[in-house]
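A short write-up of the structure that comes next.
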There are 2 protein chains.
Amino acid sequence: MRDIDIAEVAQLSGVRASTLRFYEEKGLIASHGRRGLRRLFDPAVLDRLALIALGRASGFSLNEIARMFAPDGRPRIDRRALAAKADELDRTIRRLNAMRDGLRHAAVCPAPSHMECPTFRRLLRVAAARKIGEPNKAGKARRKVKS
Amino acid sequence: MRDIDIAEVAQLSGVRASTLRFYEEKGLIASHGRRGLRRLFDPAVLDRLALIALGRASGFSLNEIARMFAPDGRPRIDRRALAAKADELDRTIRRLNAMRDGLRHAAVCPAPSHMECPTFRRLLRVAAARKIGEPNKAGKARRKVKS
DNA sequence: CCTTGACCTCAAGTTCACTTGAACTGGCAG
DNA sequence: CTGCCAGTTCAAGTGAACTTGAGGTCAAGG
């Protein structure tokens, strides 16, 4: 099964064709040739896409991910960057844990108004803790295929 | 200390004035009056901002957060939504934990290339697991004040 | 041979959450 | 009174990550 076409890559990876073209343009993936106009991909592109998904899921931007591939195409992952990202993830996880507990509590809190619940107010302080207004974007799972 | 001005709110909350205006326009906060052109805020806006920060940190969008305030201005938080978000957070946290462990390992992995490391490949599978290409945005801590 | 339909390109549009710029206003210090 | 300057409005810009649309191409099936 040498060389698969964009529809098949999309099918197998769950990444839309338009996104694959976009990624190619960005240099995140490469097509191996063409049949007529049509891109032909090496099945290895699936690993690459998994790697990209990993990076995205870990909070790297596409640009950061792009920088992680050596010019020759093989991953040249910076171990220090990985460790740093792991630490960052750790902090994020701790925050999210507090959030989750707080939300969970708020969901069952008997106080008439959330603002009167001490636990909720504590949660508020946690949220406000690291400088109010610093978005952290977690758990943004969106459109699967668009309804 | 009745009524504080936008600069003070910015100062106390860490939210930029431009953002505060933007939030007001979006209906997320309200100024209590004006002295000349200048907005005057009730110090309670700080609680409100903390609430917004909480929502953002938990993964709610500004629009979702806006919907959480009753027309009268007091939080009308949907407990079911909170519980759902808590569950979502839980799933996110589990994923991030796997990520972090994987990253941590990758950072010290002795394999010559990450692609040859079984742990790394397992991590890749985890990342690819729930439909490759589903971004999850975690740990995006950015600009504090802009360098 | 001719149609079809998946794929192509390129430009523009979209969403989110803000930020920036230009032009203007008005309270307050001097 | 005057001028400063923090504040104001409104429109447009930003950046990330894609998606959409218009119009074009070409390999394969009938």
Side-chain angles (χ1 to χ4, degrees), chain A residues 3-11 13-29 31-41 49 52-53 55-67 131-147, chain B residues 3-11 13-29 31-41 49 52-53 55-67 131-147:
Chain A
D3 290 344
I4 54 190
D5 94 338
I6 203 170
E8 200 159 356
V9 176
Q11 166 89 61
S13 68
V15 176
R16 302 183 105 205
S18 68
T19 307
L20 291 171
R21 288 189 207 101
F22 173 69
Y23 280 1
E24 185 177 30
E25 199 181 345
K26 274 227 131 193
L28 286 165
I29 58 175
S31 49
H32 192 254
R34 298 278 178 129
R35 168 165 35 246
L37 284 182
R38 307 178 177 207
R39 289 166 178 78
L40 293 177
F41 291 96
L49 286 170
I52 292 170
R56 299 268 302 118
S58 304
F60 289 95
S61 71
L62 292 184
N63 287 334
E64 287 176 304
I65 293 168
R67 267 179 255 124
K131 224 42 176 160
I132 296 179
E134 270 290 332
N136 301 292
K137 322 206 146 166
K140 293 229 108 177
R142 289 187 313 203
R143 124 213 52 77
K144 270 246 118 47
V145 138
K146 154 185 191 179
S147 57
Chain B
D3 290 345
I4 54 191
D5 92 338
I6 203 170
E8 201 159 354
V9 177
Q11 166 89 62
S13 68
V15 176
R16 301 184 112 207
S18 66
T19 306
L20 292 171
R21 287 189 206 102
F22 173 70
Y23 280 2
E24 186 177 30
E25 200 182 345
K26 274 228 133 192
L28 286 164
I29 59 176
S31 49
H32 191 254
R34 298 279 178 129
R35 169 167 30 247
L37 284 183
R38 308 180 177 205
R39 289 164 177 80
L40 293 177
F41 290 96
L49 286 169
I52 293 169
R56 299 268 299 118
S58 304
F60 289 95
S61 72
L62 292 184
N63 287 335
E64 286 176 304
I65 293 168
R67 267 178 256 125
K131 223 48 177 155
I132 294 180
E134 270 292 331
N136 301 293
K137 323 205 146 166
K140 293 228 109 176
R142 287 184 316 198
R143 126 213 50 80
K144 270 241 117 49
V145 138
K146 151 184 194 178
S147 54

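The model shown is predicted, which means the values in this text are computed figures rather than measured ones. Computed over heavy atoms, backbone and side chain alike; hydrogens, waters and symmetry mates excluded. The sequence lines fix the lettering, A, B, ..., with proteins before strands; numbering per chain opens at 1.
Side-chain atoms of B:R35 lie closest to C:dC28 of the nucleotides D:dT25, D:dA6, C:dC28. Considering only side-chain atoms of B:L62, the nucleotide from C:dA17, D:dT9, D:dC18 that sits closest is C:dA17. If you check D:dG7, D:dC26, D:dT19 against the side chain of B:D5, the one that comes closest is D:dG7. The nucleotide whose nearest atom lies closest to any side-chain atom of B:S61 is, among C:dA17, C:dC18, D:dA6, C:dA17. Among the nucleotides C:dA6, C:dC18, D:dT20, the one closest to the side chain of A:S18 is D:dT20.
A sub-4.0 Å separation between OP1 or OP2 of C:dA17 and a side-chain N or O of B:R16 is absent. B:T19 has no side-chain polar atom (N or O) that falls below the 4.0 Å cut-off from OP1 or OP2 of C:dA17. Proximity of A:R34 to the phosphate of C:dT9: a side-chain N or O atom is located under 4.0 Å from OP1 or OP2. For D:dA6, the OP1/OP2 oxygens have no side-chain nitrogen or oxygen of B:R21 closer than 4.0 Å.
Residue contacts shown for A:R39 are limited to sugar-phosphate atoms, with no base heavy atom under 4.0 Å away.
Between its two ends, the helix from C:dC1-D:dG30 to C:dG30-D:dC1 turns its axis by 10°, counting five pairs per end and rounding to 10 degrees.
Applying the side-chain contact (heavy atoms from CB on, under 4.5 Å) test to B:R38 and every residue at least two apart in sequence or in another chain returns nothing. With sequence neighbours left out, the side chain to side chain donor-acceptor pair (under 3.5 Å) criterion links A:S31 to A:E24.
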